Trainee: 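To start, I am sharing the structure in question, which I have written as structure tokens.
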Amino acid sequence: MAHSSSANLGPGFDVLAVAHSVFRDEVEVRILGEGSLKVELAGGDPLTNTASYAVLKMLENLGHKVQVEVRVRKGIPAGLGLGSSGASAAAAVAALNELLGSGVDRNTLVKYAMVGEVASSGSPHPDNVAASVVGGWVAVTSVEPLKVVSIPAPRDYLLVLVVPDLKLEGKTKKAREMVPRQISMEDHVESTRRLTSLLVGLSSGNRELVREGMRDNLVETARLPLFPFYPEVRKSALERNAVGVCVSGAGPSVLILADRSTDVDGIRDDVRRISGLRAEVYLTEVGEGVKVEVRN
Ligand SMILES: Nc1ncnc2c1ncn2[C@@H]1O[C@H](COP(=O)(O)OP(=O)(O)OP(=O)(O)O)[C@@H](O)[C@H]1O
Ligand SMILES: N[C@@H](CCO)C(=O)O
């Protein structure tokens, strides 16, 4: 089992993410035989699903000649910025690790899971899978070698997810093509300021620093055509005393960080009134890392 997640958190594109317990995927991996390498996906093409693709690449890397069947039970709506593709990959590699008794560490699990993302968005971004594997708030501080660190944050934060009723095939792939390839030194310094504020704010529980830091004018702004309602949702949430607001991953969902002084009901009311937006609003908590259950 692996939880859903929100990546980027504003200025942390491809680096930061947080798991949330509102949704979960379950992935079952069974060994069917030995002697040659084959991965089957129950009901689908193993090369186009992040779970089975991650399993295949992990088996190739470990040199195991086994036939396995992967079965994915989706609980996380796909294509909405909730880390759905990443959660399946995270759950799949954790299950395989347990099944084979490979004993790989969590950084290596994240490395295998991120490869699974190639099957969904064409690029192995590590942030969503890091949150689904490790749980909580995470930062991917290195890719070669893969290193994930947990970010301490106040435990009383609540997460509000505004999940639009929107379906855009290949959304993350399209969204990644919209990201600027070069930025100015001025933009780099401003983004570094925000990332610093966000990380110091989270780890020290400084609400104002988090609010200041959870902002992005680079990736979110470039992608705005995918979620034109975002500025209005952001404005409403901040007026209702949210701690911070950002696009959840590549969107279109919006992540709102809340605490006891945030008017969550007011946010729900405001979202209902935003023209052109039909969305569900979920109140949830920070999620745990991947869990594996052995069934004989
Ligand atoms: N196990 C899977 N779960 C969900 N989507 C999958 C999976 N395997 C492949 N996909 C493909 O990936 C697409 C969803 O991935 P995408 O990255 O666009 O969104 P997401 O993972 O739901 O959200 P995020 O923006 O947080 O990555 C689906 O449309 C589907 O075609
Ligand atoms: N960092 C990734 C997250 C996708 O959920 C992106 O924004 O493309």
Side-chain angles (χ1 to χ4, degrees), residues 1-20 22-29 39 41-57 70-95 110 113-132 138-140 143 161-164 166-181 195 216 218-224 226-227 230 246-255 287:
M1 180 285 295
H3 280 145
S4 49
S5 66
S6 291
N8 301 343
L9 305 183
F13 176 71
D14 278 7
V15 175
L16 302 183
V18 64
H20 21 73
V22 59
F23 300 109
R24 62 178 61 188
D25 278 0
E26 289 190 357
V27 176
E28 187 181 321
V29 182
V39 175
L41 173 71
D45 172 0
L47 296 179
T48 61
N49 190 292
T50 57
S52 40
Y53 190 78
V55 162
L56 174 65
K57 292 303 172 187
V70 177
R71 183 178 299 273
V72 181
R73 294 189 188 87
K74 290 301 293 179
I76 308 170
L80 295 173
L82 301 173
S84 183
S85 54
S88 294
V93 299
V110 172
M114 74 187 266
V115 172
E117 292 277 38
V118 171
S120 71
S121 63
S123 57
H125 57 92
D127 40 13
N128 289 108
V129 293
S132 290
V138 297
V140 180
V143 178
L161 284 164
V162 178
V163 182
L166 268 178
K167 274 313 234 187
L168 180 61
E169 200 46 44
K171 177 264 310 172
T172 297
K173 188 172 173 52
K174 289 187 179 74
R176 292 184 73 83
E177 290 160 4
M178 299 168 82
V179 173
R181 290 292 170 260
L195 192 57
D216 171 65
L218 296 174
V219 174
E220 288 183 354
T221 304
R223 292 173 165 176
L224 217 44
L226 297 178
F227 26 78
Y230 171 60
C246 63
V247 175
S248 178
S253 296
V254 177
L255 174 69

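Residue numbers run from 1 in the order of the sequence given. Read the numbers this way: they start at 1 and go in the same order the structure lists the ligands and their atoms. Here the structure is a predicted model, which means the values were calculated and not measured.
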Trainee: Going by distance only, is there an N or O of S5 that falls short of 3.5 Å from an N or O of ligand 1?
Mentor: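 No, there is no polar N/O contact under 3.5 Å.
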Trainee: Measuring from atom CG of D25 to atom OG of S4, what distance do you get when rounded to the nearest 0.5 angstrom?
Mentor: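 The CG atom of D25 sits 8.5 Å away from the OG atom of S4.
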Trainee: Using distance alone, determine whether D14 and ligand 2 share an N or O pair under 3.5 Å.
Mentor: yes
Trainee: Give the contacting part of D127 toward ligand 2: side chain, backbone, both or neither, where contact means a heavy-atom distance below 4.0 Å.
Mentor: side chain
Trainee: Which bit of K173 is near ligand 2, meaning a heavy atom under 4.0 Å away: side chain, backbone, both or neither?
Mentor: neither
Trainee: Can you tell me the protein heavy atom closest to atom 13 (C) of ligand 1 and the distance?
Mentor: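 In this structure, atom 13 (C) of ligand 1 has S120 CB, 4.2 Å as its nearest protein heavy atom.
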Trainee: In Å and rounded to the nearest 0.5 Å, what is the SG to CG distance from C246 to D216?
Mentor: 9.5 Å
Trainee: How does N128 reach ligand 1, if at all, at less than 4.0 Å between non-hydrogen atoms: by side chain, backbone, both, or neither?
Mentor: side chain
Trainee: Heavy atom to atom 26 (O) of ligand 1, shortest distance: which of G83, S52, A89 holds it?
Mentor: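 Residue with the shortest heavy-atom distance to the ligand atom: G83.
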Trainee: Less than 4.0 angstrom from a charged side-chain N to a carboxylate O is my criterion; do R176 and D14 meet it?
Mentor: yes
Trainee: Counting only heavy atoms, tell me which of E169, K167, H125, E117 gets closest to atom 29 (O) of ligand 1.
Mentor: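 Closest candidate by heavy-atom distance is E169.
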Trainee: Show which atoms of ligand 1 fall inside a sub-4.0 Å distance from at least one heavy-atom site of T172.
Mentor: 16 (P), 17 (O), 18 (O), 19 (O), 24 (P), 25 (O), 27 (O)
Trainee: Nearest 0.5 Å, please: how far is CG in L218 from CG in N8?
Mentor: 11.5 Å
Trainee: Out of curiosity, is G83 lining ligand 2, as in a heavy atom under 4.0 Å away?
Mentor: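 Heavy atoms of G83 never come under 4.0 Å of ligand 2.
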Trainee: Show the atoms of ligand 1 that are less than 4.0 angstrom away from any heavy atom in T48.
Mentor: 8 (N), 9 (C)
Trainee: Provide the number and element of each atom of ligand 1 under 4.0 Å from a heavy atom of N49.
Mentor: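 This gives 1 (N), 8 (N), 9 (C) as the contact atoms.
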Trainee: Show the atoms of ligand 1 that are less than 4.0 angstrom away from any heavy atom in S88.
Mentor: 1 (N), 2 (C), 3 (N)
Trainee: Can you confirm whether V93 sits close enough to V110 that some side-chain heavy atom of one is under 4.5 Å from a side-chain heavy atom of the other?
Mentor: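 Not touching, per the 4.5 Å side-chain cut-off.
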Trainee: Look up atom CD in E117 and atom OG in S123, then write down how far apart they are to the nearest 0.5 Å.
Mentor: 8.0 Å
Trainee: Side chain or backbone, does V72 bring an N or O within less than 3.5 Å of an N or O on ligand 1?
Mentor: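 No, V72 has no N/O under 3.5 Å of an N/O on ligand 1.
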Trainee: Less than 4.0 Å is my threshold; does some heavy atom of A7 fall inside it relative to ligand 1?
Mentor: no
Trainee: Using a strict cut-off of 4.0 Å, indicate which atoms of ligand 2 neighbour a heavy atom of R176.
Mentor: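 Counting atoms of ligand 2 from 1, those under 4.0 Å from R176 are 1 (N), 2 (C), 6 (C), 8 (O).
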Trainee: Side-chain contact test, heavy atoms from C-beta onward, threshold under 4.5 Å: evaluate it for P164 versus S253 and give yes or no.
Mentor: yes
Trainee: Give the atoms of ligand 2, by number and element, whose distance to some non-hydrogen atom of A7 is under 4.0 Å.
Mentor: 3 (C)
Trainee: With a 4.5 Å limit on heavy-atom distance, are the side chains of V15 and D127 in contact?
Mentor: no
Trainee: Other residues, nucleotides and ligands only: do more than 12 of their heavy atoms fall within 6.0 Å of NZ on K173?
Mentor: no
Trainee: Under 4.0 Å from any heavy atom of G79, which atoms of ligand 1 are there?
Mentor: 14 (C), 19 (O), 20 (P), 22 (O)
Trainee: Which ligand 1 atoms does K74 reach within 4.0 Å, using its non-hydrogen atoms?
Mentor: 2 (C), 3 (N), 4 (C)
Trainee: Under 3.5 Å, is there a donor-acceptor pair linking the side chains of H20 and S6?
Mentor: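 A donor-acceptor contact under 3.5 Å links the two side chains.
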Trainee: Geometry only, no angles: is D25 polar-contacting ligand 1 at N/O separations under 3.5 Å?
Mentor: no
Trainee: What is the distance from atom CG of L16 to atom CG of L195, rounded to the nearest 0.5 Å?
Mentor: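 Taking CG in L16 and CG in L195, the distance rounds to 5.5 Å.
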Trainee: For L82, counting its heavy atoms only, list the atoms of ligand 1 lying under 4.0 Å from any of them.
Mentor: 23 (O), 26 (O)
Trainee: Is there a nitrogen or oxygen of N8 sitting under 3.5 Å from a nitrogen or oxygen of ligand 2?
Mentor: yes
Trainee: How far is atom 6 (C) of ligand 1 from the closest protein heavy atom, and which atom is that?
Mentor: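 That would be S85 CB, 4.1 Å.
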Trainee: Are V138 and V18 close enough that some pair of their side-chain heavy atoms sits under 4.5 Å apart?
Mentor: no
Trainee: Please could you name the atoms of ligand 1 that A78 approaches to less than 4.0 Å, counting only its heavy atoms?
Mentor: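 Once the distances to A78 are compared, the set is 4 (C), 5 (N), 22 (O).
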Trainee: Look at atom 25 (O) of ligand 1 and say which protein heavy atom is nearest, naming residue and atom and giving the distance to 0.1 Å.
Mentor: K171 NZ, 2.4 Å
Trainee: Verify the contact flag for atom 11 (C) of ligand 1, where contact means a protein heavy atom under 4.0 Å away.
Mentor: yes
Trainee: Is any side-chain heavy atom of L82 closer than 4.5 Å to one of S248?
Mentor: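 SC-SC contact between S248 and L82 confirmed.
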Trainee: Heavy atoms, side chains only, cut-off 4.5 Å: are S132 and V129 in contact?
Mentor: no
